Structures are given as C-alpha cells and as structure tokens.
Visitor: 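Sending over a structure as structure tokens; questions will come in a sec.
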4 protein chains.
Amino acid sequence: MSTSTRDRIITEAMRLFGEHGYRGTTIMQIEAAAGLTPGAGGLYRHFNSKDAVLAAGIERQLARLAALRDIRRLLTPLGDLRAELTLIARYSLTELDSESELLRLLASEARNRPQLLTVAVEQLVSSTFRDFAGWLTERTERPISEEEAHTIAAVALGSLFSSRLLRDVLGVSIEADDERLISTWVGMLSATLSQPRAE
Amino acid sequence: MSTSTRDRIITEAMRLFGEHGYRGTTIMQIEAAAGLTPGAGGLYRHFNSKDAVLAAGIERQLARLAALRDIRRLLTPLGDLRAELTLIARYSLTELDSESELLRLLASEARNRPQLLTVAVEQLVSSTFRDFAGWLTERTERPISEEEAHTIAAVALGSLFSSRLLRDVLGVSIEADDERLISTWVGMLSATLSQPRAE
Amino acid sequence: MSTSTRDRIITEAMRLFGEHGYRGTTIMQIEAAAGLTPGAGGLYRHFNSKDAVLAAGIERQLARLAALRDIRRLLTPLGDLRAELTLIARYSLTELDSESELLRLLASEARNRPQLLTVAVEQLVSSTFRDFAGWLTERTERPISEEEAHTIAAVALGSLFSSRLLRDVLGVSIEADDERLISTWVGMLSATLSQPRAE
Amino acid sequence: MSTSTRDRIITEAMRLFGEHGYRGTTIMQIEAAAGLTPGAGGLYRHFNSKDAVLAAGIERQLARLAALRDIRRLLTPLGDLRAELTLIARYSLTELDSESELLRLLASEARNRPQLLTVAVEQLVSSTFRDFAGWLTERTERPISEEEAHTIAAVALGSLFSSRLLRDVLGVSIEADDERLISTWVGMLSATLSQPRAE
DNA sequence: AATGAATGAGATTTCATTCAT
DNA sequence: TATGAATGAAATCTCATTCAT
C-alpha cells in the first residue's frame, strides 16, 4: 500500500467523524476502515488516544486550508468588479466544499471541545470574513467605514456559507445550481456596492 | 412546582441535547436536571426510551414553531418594501433564536437519525425558504420567475441563517449588532429588487 | 442478606487485594466475589473507581485499628514488668494479625501510591513504635534517653513485626509457636531493661 | 558499552520490578530502560517471556547472594562474643541492603508465583535463620536446645530484618542510625546469652 | 410516581507477544 | 540483533434499560 497506516487512520477517522460525529464513531470502526483488526488497539501504535486522532485530523485539514489560501492572492486583480466577485464566490464555495468534513465535525463538536476547535473555526471562518471585509474597503469606489465593510461581509459571505452549512451540516438541500446562485449573489452585491449608500 | 415532571424532563433534555449533543447527554444528566434521582431510571415512568424523549422534544419545538408561524401573516402588508423586509428579517432572526436548541441538535445529529429529524428540518428551514420565495414573486414590481425567486431567497435568507448557524452551531461570533445587519441586508435586497435585473 | 452490597464489596476487595495485590485483582473478580454479575460494572454504583474501593477499604481497616487502640490503655498497669511486656507482645501480635490484609496490601502497593497509604502506614507502624518508646521511658527503673528508648523500641518491636511481615508478606514460616516467641522476647527485653546499660 | 544487552535488560528489569512490582512493570518500560526501542519487542531476542526475565533476574541475585555467603565463614572466629555479634549484625544488614530489590519483589509477588520465588525466599531468609541458630548453639556458654536456639534466632534476627523490611518494603523510616541499632542489638543479645536462662 | 440496585452490551485503552524485514 | 507493525486478550469504566419495592 502506498499510504501509511497513520495517514489511512486519519483519513478514515475524519470521514467517519464527519458521517457519525466524534462520539458516534468508535475506535473499532476506525481500525476496521483503516485495515486493522477492529478492537485490537492497533490504532494506539500511531496515536495516544481518540482525541489525538481528531487533533491530527484537524491539523491536516488546516494545513490543506493554508495551502489553498495561498492561491487566493492570485485571484484578485482582474479589473472588473463582477468578474472578481464571481471568482471570490467560486473560490469560497470550493474551499468550503473541500472542508465539508471539517465543517460537519466542527458543527457536532465545537461546543464540547472548544480548546481543540477554536483554532480551526478561526482559520476556516473568521479569517475569511476579515479578509473579505478588507478586500471590500480597498475595492469599492465610494469610501466605506471598517464597520460597514464588516457588516456587508457578514451578509454577503453569510449567503455562501449558509449554502454549505445547510447542505453539509443540516442536510437540507435548498437549491441545486451553484452557478445560478453565484450569478445572483454577484448581481446583488455589485448592485449594492455600485449605488450610493441609501441611508 | 407548576410544571409537570414530564415537561421538565423535555425542557432539560432539549437544553442538554443542544449543549452536548444527543449521544453526549446521559439519562442520568437529564434526570438530575429534571429534579429526579440520577441513575434511578425515574425518567422511564414518563418515556419509553431516550429516543422517545428526543421525539417529544422535537415535537414540542415544532408545535411552538407552528404557533409562531401563524403570526407571520400579520406582518406582511405594510405597503413599504423596505419596512416589510425589515419586519421579515427581524421575525426570521427571532424565530431562529427561539429554535437555537433545535438548530444545534439538528447540526449534531441530523445525519444519524433522519427518520426523526427530517420533518423538523423541513419545517424549520425548507418551508421558510419556500414562503419567502412565494412572497418575493408576489411583491416585486417586475415579474420574476419561480426559479429566480428561489435563488434570491436562498441568497437573501442564507445571510440571516448563517448569522445564527455560525453563532449557535459553530460558536463563531462575526458581528454583534443585529440592527446594523438587518439594515444592511434590507439595503442590499431592496437595491436588488428595485433595479432591473442585470443579465 | 444482612450485609449491604457496599460492605460486601469492600470486604471481598480487601481480601482479594491482600491475596493477589491491587493490580492483580480485577473489578470482575471483586464483583463476582460480592455476588454481582462480573463485568457488568455493578460495583460502580457504589464506588467511582477501583481506587475508591481501595481507599474505602483502607479507611475501614484504620477505623477498626483505632477501635483496637482504645483497648491498649487498659493493658498497661499490672505492676510486674514481665507481665506487662507479655501483654504488650500478645496485644501487638494480635493487632498485626487482625491487620494482615492491610499489611500485605501496604507491602505490595506502598511504593506505588504513597498518597493513599502513607496515613495507613503511620497509623499501623510508626505510632506503635512511638507509643512503645514512650512506655519504655516511663517504665524502666534506670533513666534512659529518648533516643535510647527509640532504639530499644525499634529492636524490640522489630522482632514482633518481622514475625508477621515474614509470614504474611513474604510467606516464610520461621517458627510456629507464638507463646514461645513471646516468652523469649520478654526474657530478652527484661534482661536488657533490668541490668545496667553496658556502654 | 561493556555490558551486554541481556545483562542490561536484567538489571533494569529488576530495578523496575522492585520499584513498581512485576505486574506494574511493562515490557516497554524495560526495553526503554535497557536502551532498546520501547514496544518493538527487542527483549524477546534475549528472553522468551516476561516471566523468563524475572527468573533470570532472581537467579542472578541468588548467585550474588551465594557469593556473599562464602565470606560469612571468615567472619566468625574472633573470640569475643560482642565483637562477633557486631560483625554478624553488620554483615546481615549489608546483605539485606544488597538484596533490597529482591526483597521488594518478593513482597509484591511472593504469594502469586510460588514456583519461581520459593527458592529465593528460602535462600535469603530461612537459611539465614538456620545458620544463626546453628551458630548460637555452638557459641553460647550454657547449653541450649535446638528449639530455644531457633526461637532466639527468630527474635534476634527479626529485629534486623524488620529494620529493612519496614524501610524498603513498607517505606517507613523508624530510626536512622545503623550503628546505634547494632550496638543496642548486641547489648540486648549478649545480656540474654550471658545470663542464666530465666525460668 | 419515584428509587435503589442490578445487568448486558459496548467503549476506550493496555499490554505481552509475534512476525516480516 | 533490532525494529515497526500488528494482534488477541483482557481490564477499567459507561450507560440505557429493567425490576422489585
């Protein structure tokens, strides 16, 4: 096998955690999925505890996330506002899709183990909002306050996040077509940004 | 005490389910919180199983939700688009707040027990989107297709949902001020609805 | 049954701990010996952990010990040195016999869990030496220093202790007859105490 | 390194057995202490089982003991009773000190594995008592019965044994000064041996 | 209606031992 | 000779559920 047992354990564990939650996944299931004898404790050669598997899984996801983020800088400078917004939306949805397991895991465990998951939430969510707010202040024609930028970011990115939160976390499917969603989103946002701020 | 033991069990169980998830909450905890001797099985006088407690809890939440929904009709006819949107936003956030326990519960268990929770999700989420899409088709000046209405609803309501999903489910606090959020949301939405659809 | 399950658990646990050591005794064995289904965890209704069973067992033994100690005062005033020594020796051996389980337990675990057993050792051993040294200073005709009294106590009581330590802890049987041992011990000790201290 | 891995394993294993007991010591700990990779099973190149390590360790201790015993004969003939007793006491304490690991091991495991440890106990304890009883019958001026000699040996050697058993096995420190202990012991014993047997 | 006690099933973790390299 | 990896067995502990009172 080309993958190490340790990697296989992380991969399968994250998949199972995403499917059944942390508590709902047993060490036996992880071992079985990773090709070990279930119940024999083979996992413990590679990790000290079930918690350590979770920590390693989150760490790996965050490392991937960091790699993805490096690409973000390439996306921005296109000149056309609508084109840039479209790219941002596509990128954000793609990023969320690639982190859907982490998202599900965070949703089911975030309140139980804050110490472990605070960092992950920060990386996955908060920083995205901050970055987008920053982009807004630079990009809009009329000057907007930092606070206004943050609120617009919350409303705008919220739409994209909820699309994935509803689907991946709550299991609700509202609409199917990403491209239609994005084009509507871009339309609404550019309408807002280009017209004078209505008191 | 004026509340029956049965009601106290449901109330405390839902609170604990919301905090620690279904699996993360033990019968002993529920009994203790409801004023019964923990571990004595007193809960089983009132419910046949832990699942039955969950079912009763969800049922009660849905009943409250249905009651709330009856008020919705009163809200609509104000004549002014922005005023109506403001009311809708306020109402939606209030409704989500009153269902935050259910929301957290859905997030932690939705994928494991579809039989019990599918209905709840449908009531809480899907119908809200449908209703808002319906309202849109009636209310906008220029005619819009059903599909367009649905997409706009997804984008618009998504902002409001994510505000609560992020806070209550993931534990992230993006912005603090509901009124500012609502006014920005209303501004973006009315800008979209009042201007001609940009192809 | 007239004894409570909790008491039965302590009794059987201490017996098993004495026989096989703390680590060598399993919860299943204790449960089975106490009349519970082995492996069902019924013990945990009465104790939080295996350690808690040990703690309760030691506490009970120490309580018994304290009760025994109250009798000690009755023994002393006989007027005749040899008669008093004989009583002291008999009493000490009896006390050690009634604490043989505790003794074995201390021997096998004392170095692993000092926090739990330090008190027990102090009660069972150190205080006995101190009390006997005190008795010596009062009782001997010629005046002896505190240090001398302590050393004589160490040598004298050591004989009695080792008789039980060897038998109960190491499993060695040196001699059989307690009365012969006591009379020799009394003879040696009175010979020492009555004759002038040879430098 | 000049020591073989096999020797290092025995040395470290006996140290750990003495500290934490046989059951309380894991193969991993022994391997780590012996400079092998813990958990890799390198120990099994040198021993067939954990039991075999214990057996080899005891064997080595007994061999050392036998070597020590050869010196004993040299000690006896000094002519002066007190001088000879002093030597015997010093020798005995030294011997017990050099076997403290074995002593602790016996205390924690003696009752579980008689097949392995019975011999060790016999060598370390019983034979010492026998030898001293034999020495007594030869050395005392007035003739004493074999039984009397055994009882005196039990009382006298018991003092020395308990000094070490209490300290090494139970972890109690009664008195500090070996020389004071020995001189008191010699005093008491010579008083007994030189005066006519009291009734 | 509630409690004390018990139980069956199962979860996490440990560990002596084996095996291919 | 030593190591990385794996396994069978067992140990501690948890918990939903039942039952007699």
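Proteins get letters first, then strands, A, B, ... in listed order; numbering begins at 1 in each. For clarity, every value in this text was computed on a predicted model and none was experimentally measured.
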Visitor: For B:G42 and C:G35, take the nucleotide of DNA chain E holding the closest heavy atom to each; which residue's nucleotide lies nearer the 5' end?
Guide: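 Comparing both residues, the 5'-ward one is B:G42.
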Visitor: Partner of E:dA11 by Watson-Crick or G-U wobble geometry, both contacts under 3.5 Å, or none?
Guide: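 Looking at the geometry, E:dA11 pairs with F:dT12.
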Visitor: Quick check for you: among E:dT12, F:dT7, F:dA11, whose closest atom lies nearest to any side-chain atom of C:T26?
Guide: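 Among E:dT12, F:dT7, F:dA11, the one nearest the side chain of C:T26 is F:dA11.
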Visitor: Measuring from the side chain of D:Y44 (C-beta onward, heavy atoms only), which nucleotide among F:dT1, E:dA1, E:dT17 has the closest atom?
Guide: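 In terms of side-chain proximity for D:Y44, the closest of F:dT1, E:dA1, E:dT17 is E:dT17.
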Visitor: On DNA chain E, compare the nucleotides closest to C:L43 and D:I27; which residue's is nearer the 5' end?
Guide: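 So the residue in question is C:L43.
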Visitor: Grab the two heavy atoms, one from C:G42 and one from C:L36, that are nearest each other, plus how far apart they are.
Guide: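 Scanning both residues completely, I find the closest heavy atoms to be C-CD1, 3.8 Å.
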Visitor: Does E:dA1 pair with anything, Watson-Crick or G-U wobble, both distances under 3.5 Å, and if so, with which nucleotide?
Guide: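 With both distances under 3.5 Å required, E:dA1 matches none.
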Visitor: Can you tell me which nucleotide in E:dA2, F:dC15, E:dG4 comes closest to the side chain of B:H46?
Guide: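 Side chain of B:H46 sits closest to E:dA2.
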Visitor: Can you tell me how far C1' of F:dA5 sits from CD of D:E31, to the nearest Å?
Guide: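 In whole Å, F:dA5 C1' and D:E31 CD are 14 Å from each other.
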Visitor: Pick base, sugar-phosphate or nothing for C:L36, based on heavy-atom distances below 4.0 Å to the nucleic acid.
Guide: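 Since only primed, P, OP1 and OP2 atoms lie under 4.0 Å of C:L36, the category is sugar-phosphate.
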Visitor: In terms of side-chain heavy atoms, does D:T11 have a donor or acceptor partner in D:R60 at a distance below 3.5 Å?
Guide: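 Judged by distance alone, the side chains do pair up.
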Visitor: Within less than 4.0 Å of OP1 or OP2 of F:dA2, is there a side-chain N or O belonging to D:T5?
Guide: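 D:T5 to F:dA2 OP1/OP2: side-chain N or O found under 4.0 Å.
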Visitor: With nearest nucleotides of DNA chain F determined for A:G39 and B:D51 from heavy-atom distances, which residue corresponds to the more 5′ nucleotide?
Guide: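 Between the two, 5'-proximity favours A:G39.
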Visitor: Counting Watson-Crick and G-U wobble pairs only, both distances under 3.5 Å, name the nucleotide matched with F:dA5, or none.
Guide: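 Check on F:dA5: paired to E:dT18, both distances under 3.5 Å.
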Visitor: Could you check which of F:dG4, E:dT17, F:dA2 has an atom nearest any side-chain atom of D:T37?
Guide: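 Closest nucleotide to the D:T37 side chain: F:dG4.
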Visitor: Can you tell me the distance, in whole Å, between the NZ atom of B:K50 and the P atom of F:dT14?
Guide: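 It is 15 Å, rounded to the nearest whole Å.
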Visitor: For atom CD of D:E122, decide whether the heavy atoms of other residues, nucleotides or ligands shown that lie under 6.0 angstrom number more than 12.
Guide: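 More than 12 within 6.0 Å, yes.
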Visitor: Between B:E99 and B:Q61, is any side-chain donor less than 3.5 angstrom from a side-chain acceptor?
Guide: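 Present: a donor and an acceptor within the cut-off.
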